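Worth knowing before you read on, the calculation uses all heavy atoms, side chains too, and leaves out hydrogens, waters and symmetry mates. Throughout, a chain's letter reflects where its sequence line sits, starting with A, and its residues are numbered from 1. The model shown is predicted, which means the values in this text are computed figures rather than measured ones.
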Amino acid sequence: MSLNEDLSRLLAGDLPAAQAEALRQRIAMDPEVAHAWTALHTVVDDLPHLPEEAPPVALDALVLGFATAPRRPFSASTALGGALAAAALIWFAFRPFGATELPKPQVDPGDLLVDVDGIARISMNPPKESPMNASQSALAGALGGVAVTVAVLQGSAWVWSEDGSRVEVTAGQTHTTATDAQEPKLRFVVPAAPPGETPEEAVVRLEATVAALTSARDQAQFTGAVAQGQLVAHVGTPQEWPADLPPGYAADDMRARVDAVLEAHPDIELEEMDCSEYPCITIFRPLDSSEGWEERMKPAAMAMAEGLEDPGLSVAMSMVDNGGESIALLGVTVSPPEDTQGSTEVGARTKFRTSSLMEALGEEALEEDAPPVE
Amino acid sequence: MVREHGPAIWGLCRRLCPEPEDAYQEIWEKALAALPRFDPAGTASLRTWLTTIAHRHLIDRDRRRRTRGIVVSLGERPDPAGLDESLDRTRRIAHLECAIQRLPEAHRRAVVLHHLHGRPLEVIAQVEGVAVGTIKSRLHRARARLTELLLGSA
């Protein structure tokens, strides 16, 4: 049994009294043992504080909408596209069909899965009952009997059918699925006029129909807004560059800072700089990612904010490790301090942009550095 | 249910499984199928019940495990004055996250379930089908190994 194991047993009270006492004496006498004892405490203290992350929003949408669909790898690097695709899925998941006048959707067996690598909008006709409220069998056929339209705005998407076949849809293209005789069904059927109905009775019946439709529409708009709100909370709202930024924070200023940092620190390289919206996010990669890389990168991070009065500096670190090779990335954002808070719209958006960018870059870098498959 | 408990289940999947996206969907598929059998008046909370399903499922997947890259992404927002402290803590947490990935499967499950998800040793032992002493032993070895790895990276 190793010393560290003994220390762990001591910490848990699992060591016999005599052995525990002897070990306590060693901790008191031997600095190396004392150091290990402190390190063990740090480990045990830090473990419960490892960050908890929400699953990718598109993955939750898959769970809600495609619970029994054939599973396909979901790439974290497609988070943005996935998230936007999920907007549509969440919309469907929450779309109400509560009004009793509305016919229940017919659920047929059959699943369909859409993998988005980019940005796509997905719509269904007719809209489906909320899978969350549906029975298990309804979940199994969550997409049966509907026409699903996938419009790819950027990148590409694979549309998988239950038989394993797939269709690739690229940017600018639209693909609509409809199986067999599954013509889009009317979502709402106005009951036929009963024989002998008087004009007054017809007015009452039609007014009731209009009221039911209005109610369904209002509920749909409300739940759609809720779903949109959930998405916005996750991905934030794209931020325009403010016109009244203090001097030194504009995109061109940041580019000049990056140039200066790269010149002063030849041991790092620029992996990506995203100024497509406010604020710029800069991702650096150290050429040497061995132990202590964070410490070595610190001056570069600090230099990004040098000379600015009371700057807000956001730093994110990413380590990708495949068991042998490890790749380190440092994300830096400089903005006025009020915009670095995660509770603000800018802060939430910046956090999402940074983590998405770093995850994508990390995975890409790992793939590039992987040895070729024989 | 998915929104409330998703992060916990996702945490288990990404730390204990090389294909966390697949495992996450499979676990929910099982949980949704088994939901009618969950007794809200029973002794186990919904979180406990879901964690048990996830734990069992991840054991089943264990044999199909393969190595892949692990991404540790930590968004820290320090001001320049607090950068030292924030970097220290961020670095420690990042190393710990990576070190966990280097533990043997069974040891990692013990650490994640006990320390991160607060599962009692007895419950872990029951699901794993081993004695409590075995779980304790795995936990001590895991903590010892984590300490070694952390000391090595200091």
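Residues B:Ser137 and A:Arg9 form a side-chain contact, since some pair of their non-hydrogen atoms from C-beta on lies under 4.5 Å apart. Using a 4.5 Å heavy-atom cutoff, the side chains of A:Leu50 and B:Arg15 are in contact. You'll find the side chain of A:Val44 reaches within 4.5 Å of the side chain of B:His115, heavy atoms only.
Rounding to the nearest 0.5 Å gives a distance of 5.0 Å between CG of A:Asn4 and OG1 of B:Thr147. A:Ser2 contributes atom OG, which lies 11.0 Å from atom NE2 of B:His140 (distance to the nearest 0.5 angstrom). Between the CD atom of A:Glu5 and the CZ atom of B:Arg145 there is a distance of 11.5 Å, given to the nearest 0.5 Å. Rounding to the nearest 0.5 Å gives a distance of 9.5 Å between CG of A:Leu47 and CD of B:Glu97. Rounded to the nearest 0.5 Å, atoms CG (A:Asp46) and CG (B:Leu150) are 8.0 Å apart.
Contact tally against chain A (heavy-atom pairs below 4.5 Å) for B:Ile9, B:Leu35, B:Leu116: the top residue is B:Leu116.
Contacts of A:Thr42 with chain B are made by side-chain atoms alone, with heavy-atom separations under 4.5 Å and no backbone atom involved. For B:Ala142, no part sits under 4.5 Å from any heavy atom of chain A, backbone or side chain. Of the atoms belonging to B:Val112, not a single heavy atom falls under 4.5 Å from chain A. With a 4.5 Å cut-off on non-hydrogen atoms, B:Ile100 touches chain A through its side chain but not through its backbone.
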